[in-house]
Undergrad: 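After the structure tokens below, expect a handful of questions from me.
Counting starts at 1 for both ligands and their atoms, in listed order. Keep in mind that what you see is a predicted model, and the values were worked out from it rather than measured. Both backbone and side-chain heavy atoms feed into the values below; hydrogens, waters and symmetry mates do not.
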Amino acid sequence: MIPGLPYAEQLPERVGVLVLGSGLAGCAALLAAAEAGQYAVMLEKTSDIGGSTVKSAGLSAFAGTEEQSAQGIADSVESLRGDLLNTGRHLSDERLVDLYCEHQLETYRWLRSHGVRYGEVHAASGQSVPRSHPTDTTAMLVHLLRAAGRLGARLVMEAPACRLLREGGRIVGAEVEAPDGLRRVSADAVVVATGGFSQNSELLTRFAPQMDDALRAGGSGCTGDGLLMGWQLGAGIVDTPHIKGTYGHYFEPHPHEDGTGVLAVYKGAIAVNREGRRFVDESLPYKEIGDAALAQGGTTTYQVFDARVLARTNDEVAIYDFAGRDRAGMLVKADTVAELETKLGIPEGSLVAAVTDYNDRIVAGERDPLGRRHLSGGVGSPFALEQPPFYAHPSGTVVLATYCGLTVDARLKVVDVFGEPIERLYAAGEVIGGFHGAGYMTGTSIGKAAIFGRLAGTHAAAEESEREW
Ligand SMILES: Cc1cc2nc3c(=O)[nH]c(=O)nc-3n(C[C@H](O)[C@H](O)[C@H](O)COP(=O)(O)OP(=O)(O)OC[C@H]3O[C@@H](n4cnc5c(N)ncnc54)[C@H](O)[C@@H]3O)c2cc1C
């Protein structure tokens, strides 16, 4: 239990806005509904708040912020919109992209007004300018929940919703698994913010069998409950073909594994498979490297680099904290590439050949056969890996988030398979689809949870109440 959060012991019988799930989407929805004057109650399935949000790297994609200005970064909503559409290969629902763009800056300011603070902004996948804003996600949720609590909102833990209740053509509440059996909570509107299904193997195999060899991360409660509850009522589901894994995750459980992995490839490393061969243009988005790594079979590949790459470590950005990984004993280290090859059990001579070929082509100014021209996206120049010691980070592909989900309209109202809104049912965060299209820009899962969660809570709160107080 976190001190100061507005926990309630009992399930209420009747509320204004019922929010399912305590990740960022749910917390933003709860606070927005409470700010709109509603009696808002959140149900969380597990004994901890935060779902995948508190396990994440905490990067939010915003454009035009104070942090960017302070770092001299010129960004604009037009540039953000262009990057979102390009990253999604123009398969996203443009209404949702526009909604994100229209409300991102006011949501950023709203979060800051509630005490959320961001660190140094940096560039990541899909961003033509640096716009990944890091924050402490647990602190962020605590700020939002405390503010909601001051307005009378409440949070009930270990209260999994199992069915949405519909009467007279509209949603009237949810059925909840309580310690004493199934209980009904009536509501004027429900916001589903139950996250994705990265922890549900059966659903992953059904929608993304190509991920069967991938590792899994995310909140323990992220098993697709909201998707199934919406599905039962005829909700549409989009973007299932675009579930992707993220590259760079340590391949076995390790006490220092924080769930984020490292991306030494973006600072100069190469990626090789267990035969010691490079298999991808390492400057590609990490989701695409993830696909290429899975195609190598098994879970393990290696990011191989030298002392020059290690020196580019940044302990403030988890994915670039190479020195931290070294201290934690997660890097394989050797004085020569040949010795590294032996330690990794890679066939003799193959890693040496791969590194030699890579280095020789760079020195000769020849074209890379896999098409690598930059370190990351269109930024940075590859350099020869020749400064000992040499390192390898065992790296697999992990499903962190599922990106697909329920169809919603521009008011975040859930829409059924025929395009009809399901009255008084709203959804936000990872449980919705349509926004990312075929690709993912770093920071937009957290971004969309905050922006759409807040909007869903506001719209849900505007539903006419039928309560008699
Ligand atoms: C390791 C990792 C790193 C990541 N890094 C980033 C990043 O840097 N930037 C970014 O944009 N995205 C990142 N992501 C993805 C991002 O964290 C999530 O997509 C986002 O936080 C989802 O927020 P949410 O509120 O929709 O869901 P969640 O935060 O997952 O919250 C959903 C909550 O709903 C609860 N719940 C589920 N079912 C029920 C039910 N039936 N009844 C009641 N409660 C229920 C769950 O227990 C959970 O607490 C990362 C994810 C991981 C795992």
Undergrad: For ligand 1, is there an N or O atom under 3.5 Å from any N or O atom of Thr442?
TA: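 Checking ligand 1 against Thr442, no N or O pair falls under 3.5 Å apart.
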Undergrad: Which ligand 1 atoms does Thr46 reach within 4.0 Å, using its non-hydrogen atoms?
TA: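 Those atoms are 47 (O).
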Undergrad: Would you check whether Gly429 has a nitrogen or oxygen atom less than 3.5 angstrom from a nitrogen or oxygen atom of ligand 1?
TA: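 There is no such contact.
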Undergrad: Between the side chains of Glu102 and Arg81, is the shortest nitrogen-to-carboxylate-oxygen separation below 4.0 Å, so that they form an ion pair?
TA: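 So Arg81 does not pair with Glu102 through a salt bridge.
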Undergrad: Checking contacts here: is it the side chain or the backbone of Val54 that comes within 4.0 Å of ligand 1, counting heavy atoms only? Could be both or neither.
TA: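 None of Val54 does.
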Undergrad: Do the two ring centres, one from Tyr403 and one from Phe435, sit under 6.0 Å apart?
TA: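 No, they do not, as the ring centres are separated by 6.0 Å or more.
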Undergrad: Is there a polar contact, in the sense of an N or O pair closer than 3.5 Å, between Asp48 and ligand 1?
TA: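 For ligand 1, there is no N or O atom that lies under 3.5 Å from one belonging to Asp48.
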Undergrad: Does ligand 1 have any atom that is closer than 4.0 Å to a heavy atom of Tyr440?
TA: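 Tyr440: in contact with ligand 1 (<4.0 Å).
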Undergrad: When you check the gap from the basic side-chain N to the acidic O, do Glu177 and Lys45 get nearer than 4.0 Å?
TA: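 Salt bridge flag = no for Lys45 with Glu177.
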Undergrad: Does a donor on one side chain and an acceptor on the other come within less than 3.5 Å for Glu44 and Thr46?
TA: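 Per modelled atom types, Glu44 and Thr46 side chains form a pair under 3.5 Å.
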Undergrad: Under 4.0 Å between a Lys/Arg side-chain N and an Asp/Glu carboxylate O for Glu463 and Arg411?
TA: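 No, Glu463 and Arg411 are not salt-bridged.
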Undergrad: Within ligand 1, which atoms have a heavy atom of Pro160 less than 4.0 Å away?
TA: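 Per the distance check, 42 (N).
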Undergrad: Would you please indicate yes or no on a ring centroid separation below 6.0 angstrom for His393 and Tyr302?
TA: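 For Tyr302 and His393, the ring centres are not under 6.0 Å apart.
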Undergrad: Ring centres under 6.0 Å, that's the criterion: do Tyr247 and Tyr286 meet it?
TA: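 No.
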Undergrad: Numbering the atoms of ligand 1 from 1, which are under 4.0 Å from a heavy atom of Ala25?
TA: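 Atoms satisfying the 4.0 Å criterion: 25 (O), 26 (O).
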Undergrad: Indicate, as side chain, backbone, both or neither, the part of Cys222 found under 4.0 angstrom from ligand 1 when only non-hydrogen atoms are considered.
TA: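 Looking at Cys222 and ligand 1, just side chain atoms fall under 4.0 Å.
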Undergrad: Keeping the roles fixed (side chain from Ser132, backbone from Gly443), state whether a donor-acceptor pair exists under 3.5 Å.
TA: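 The answer is no, because no donor-acceptor pair under 3.5 Å joins these two groups.
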Undergrad: Are the side chains of Glu175 and Arg183 in touch, meaning some heavy atoms are under 4.5 Å apart?
TA: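 A side-chain contact under 4.5 Å is absent here.
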Undergrad: Check each atom of ligand 1 against the heavy atoms of Ser22 and keep those under 4.0 Å away; list them by number with element.
TA: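 By the 4.0 Å cutoff, the relevant atoms are 33 (C), 34 (O), 49 (O).
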Undergrad: Show the atoms of ligand 1 that are less than 4.0 angstrom away from any heavy atom in Gly51.
TA: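 Those of ligand 1 that fall under 4.0 Å from Gly51 are 29 (O), 30 (O), 31 (O), 48 (C), 49 (O).
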Undergrad: Within the side chain of Ser376, is there an N or O that forms a donor-acceptor pair under 3.5 Å with the backbone of Val379?
TA: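 Checking the backbone N and O of Val379 against the side chain of Ser376, no donor-acceptor pair under 3.5 Å is found.
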Undergrad: Using a 4.0 Å heavy-atom threshold (strictly under), name the region of Ala193 that reaches ligand 1: side chain, backbone, both or neither.
TA: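 Under 4.0 Å from ligand 1, Ala193 contributes backbone atoms alone.
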Undergrad: I'd like the name of whichever of Cys162, Ser56, Gly23 reaches closest to atom 4 (C) of ligand 1 through any heavy atom.
TA: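 When every heavy atom of Cys162, Ser56, Gly23 is considered, Ser56 comes closest to atom 4 (C) of ligand 1.
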Undergrad: Heavy atom under 4.0 Å from ligand 1: found in Asp225's side chain, backbone, both, or neither?
TA: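 Within the 4.0 Å criterion, Asp225 contacts ligand 1 through side-chain atoms alone.
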Undergrad: Can you tell me if Gly218 contacts ligand 1 (heavy atom of the residue under 4.0 Å from the ligand)?
TA: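 For ligand 1, residue contact (heavy atoms, under 4.0 Å) with Gly218 is present.
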Undergrad: Does Ile446 reach ligand 1 with a nitrogen or oxygen that is under 3.5 Å from one of the ligand's nitrogen or oxygen atoms?
TA: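 Yes, since at least one N or O of Ile446 sits under 3.5 Å from an N or O of ligand 1.
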Undergrad: Out of all atoms in ligand 1, which are within 4.0 Å of some heavy atom of Leu24? Include the element for each.
TA: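 Atoms satisfying the 4.0 Å criterion: 25 (O).
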Undergrad: Can you tell me if Thr107 uses its side chain to pair, donor with acceptor, with the backbone of Ile451 under 3.5 Å?
TA: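 Absent.
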Undergrad: So for ligand 1, is Gly196 a polar contact partner (N or O within less than 3.5 Å, distance only)?
TA: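 The answer is no, given that Gly196 and ligand 1 share no N or O pair closer than 3.5 Å.
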